[in-house]
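Worksheet for the structure shown next.
Values reported hereafter were calculated over all heavy atoms of this structure, with side chains retained and with hydrogens, waters and symmetry mates removed.
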Amino acid sequence: MHQTILIIDFGSQYTQLIARRVRELNVYCEIHPYNHLPQLSDHIKGVIFSGSPASVRDNEAPEIDTRLFRKNFPVLGICYGAQLMAHQNGGLVAPSNTREYGRAHLQIKAVGKEIFNNVSSQSQVWMSHADTIKEVPADFEIIASTGDVKVAAYHIKGEKTYGLQFHPEVVHSDEGKKILENFLKNVCGCSMDWTPGSFIDETVALLKAQLQN
């Protein structure tokens with residue numbers, strides 16, 4: 001089985017776009033809904049938590065125990081995914097003063113962090129959220145802000161876990177694809193050699209092996 005990035009979908013309109021960007025970077029990925037998770041195996045190289053129209057403060061908000069993934073794989077939380085990890089670890093997620101929707105410019109505070117390798121310090125990103133992370137837990141370090149958003153990105157100390165309040169998968173985030181590439185290559189260690197053609201070849205070989213048994 002080829003190296004795989006697992007994308008856990010919390011209902012975001014952008015989830016399919018996350019998958020498209022990952023595959024454009026020559027990494028195989030699979031989307032699974034949060035309430036129907038696959039069996040975890042060694043071929044999974046990293047996990048991405050999607051956004052969501054829900055709020056982590058809702059009683060019936062889509063939820064998983066994010067710590068089960070963080071302890072076993074590199075993790076990237078995007079928007080709701082980032083808020084969920086902060087919320088589950090004692091951080092404060094609250095309504096924004098105004099709905100934050102549109103372009104913003106990062107103020108990167110940790111240039112050396114792997115996820116921001118070769119990303120400009122004032123990179124334009126796209127925000128789309130009604131809640132925001134007001135306070136992070138003690139072991140979370142803020143690595144980027146914007147003029148309106150204090151916690152635009154964070155890293156969990158001692159882990160290969162990152163959270164982004166913005167959406168790197170949309171074209172309005174100028175260097176969003178580079179940020180995703182950094183996560184896949186530098187954090188997850190993906191070989192980035194997958195192609196649709198290789199997937200077809202692997203599937204045909206697997207089917208032949210199964211038919212021979």
Side-chain angles (χ1 to χ4, degrees), residues 1-10 12 14-15 17-32 37-38 40-51 64-86 88-89 91 106-121 123 125-126 133 136-137 139-145 151-170 173-194:
M1 185 67 180
H2 213 88
Q3 294 178 341
T4 301
I5 294 295
L6 175 63
I7 301 173
I8 298 179
D9 181 24
F10 293 102
S12 171
Y14 296 136
T15 299
L17 188 53
I18 297 172
R20 177 179 174 181
R21 297 288 179 249
V22 171
R23 290 167 184 158
E24 286 175 349
L25 290 163
N26 300 117
V27 176
Y28 177 69
C29 64
E30 295 179 355
I31 298 173
H32 292 270
L37 299 175
L40 302 180
S41 57
D42 292 341
H43 67 272
I44 295 175
K45 296 290 288 182
V47 180
I48 297 176
F49 299 148
S50 83
I64 58 172
D65 186 350
T66 60
R67 288 164 293 194
L68 296 178
F69 294 89
R70 287 168 39 204
K71 301 301 181 184
N72 294 290
F73 308 100
V75 170
L76 176 65
I78 296 175
C79 198
Y80 179 91
Q83 294 172 1
L84 182 61
M85 288 192 286
Q88 288 184 343
N89 287 273
L106 288 181
Q107 300 163 8
I108 297 175
K109 303 176 182 294
V111 178
K113 289 298 177 185
E114 296 169 312
I115 202 161
F116 288 139
N117 279 2
N118 298 315
V119 175
S120 59
S121 60
S123 187
V125 296
W126 183 259
I133 303 170
V136 295
D139 56 343
F140 286 44
E141 57 179 334
I142 300 171
I143 59 174
S145 302
V151 187
Y154 64 72
H155 169 246
I156 302 181
K157 297 175 184 177
E159 298 184 16
K160 293 184 175 182
T161 303
Y162 290 86
L164 305 177
Q165 183 60 79
F166 58 91
H167 289 271
E169 68 274 20
V170 303
S173 292
D174 288 346
E175 296 176 271
K177 194 170 182 179
K178 181 61 181 176
I179 292 171
L180 289 173
E181 179 184 357
N182 285 339
F183 175 70
L184 298 173
K185 184 177 181 180
N186 301 334
V187 182
C188 298
C190 292
S191 57
M192 307 183 77
D193 59 356
W194 176 85

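Under the 3.5 Å distance criterion, with hydrogens and angles disregarded, no donor-acceptor pair is assigned to the side chains of T4 and E30.
Counting only heavy atoms from C-beta outward, the side chains of W194 and V27 never approach each other to under 4.5 Å. Contact annotation: the side chain of M192 approaches that of L25 to within less than 4.5 Å [non-hydrogen atoms, C-beta and beyond]. A 4.5 Å side-chain heavy-atom check between L37 and F69 finds at least one atom pair inside the cut-off. Looking at K45 and P74, their side chains never come closer than 4.5 Å, going by heavy atoms from C-beta outward. Taking 4.5 Å as the limit, every side-chain heavy atom of F73 sits out of range of all side-chain heavy atoms of L6. Annotation: side chain of F140 is not in contact with side chain of I133 (no heavy-atom distance under 4.5 Å). Counting heavy atoms from C-beta outward, T66 and F49 have side chains that approach closer than 4.5 Å. You'll find the side chain of Q165 reaches within 4.5 Å of the side chain of Q83, heavy atoms only.
Here E141 contributes atom CD and Y162 contributes atom OH; the two are 8.0 Å apart, rounded to the nearest 0.5 Å. Taken from SG in C190 to NZ in K185, the straight-line distance is 11.5 Å, to the nearest 0.5 Å. Of the inter-residue distances, the one linking R70 atom CZ with I156 atom CD1 reads 4.0 Å to the nearest 0.5 angstrom. In this structure, T15 OG1 and I8 CD1 are separated by 11.0 Å, a value rounded to the nearest 0.5 Å. Atom-to-atom distance recorded for S50:OG and L76:CG is 11.0 Å, nearest 0.5 angstrom. Distance SG/C29 to CD1/I48: 7.5 Å, rounded to 0.5 Å.
Residues G163 and A82 share a closest heavy-atom pair of CA-CB, 3.8 Å. Here the closest non-hydrogen pair linking Y28 and Q3 is CB-O, 3.5 Å. Nearest heavy-atom pair, L180 versus P168, reported as atom, atom and distance to 0.1 Å: CD2-CG, 4.0 Å. Residues S145 and I142 approach most closely at OG-CG2, 3.9 Å, considering heavy atoms. Here the shortest heavy-atom pairing between T161 and H155 reads O-CD2, 3.3 Å. Among all heavy-atom pairs drawn from S120 and E175, the shortest one is OG-OE1, 2.5 Å.
Checked by atom type and distance alone, the side chain of D9 never pairs as donor or acceptor with a backbone atom of I31 at under 3.5 Å.
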Practice prompt. Show your reasoning for whether side chain to side chain contact (heavy atoms under 4.5 Å, CB included) applies to I115 and I179.
Written response: CA-CA 6 Å; I115 202 161; I179 292 171; 3.8 Å; yes
Fill in: Derivation and outcome, side chain to side chain contact (heavy atoms under 4.5 Å, CB included), residues I64 and F10
CA-CA 10 Å; I64 58 172; F10 293 102; 3.9 Å; yes
Discussion item. Applying side chain to side chain contact (heavy atoms under 4.5 Å, CB included) to N182 and E114, what does each step give before you reach the verdict?
Written reply: CA-CA 6 Å; N182 285 339; E114 296 169 312; 5.9 Å; no
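Ring centroids of H167 and Y14 are separated by less than 6.0 Å, placing the two rings close together.
Other residues, nucleotides and ligands place more than 12 heavy atoms under 6.0 Å from the NZ atom of K177.
With respect to the salt-bridge test (charged N to carboxylate O, under 4.0 angstrom), the residues E159 and K71 qualify.
Take L68 and apply the side chain to side chain contact (heavy atoms under 4.5 Å, CB included) test, not counting sequence neighbours, and it matches D65.
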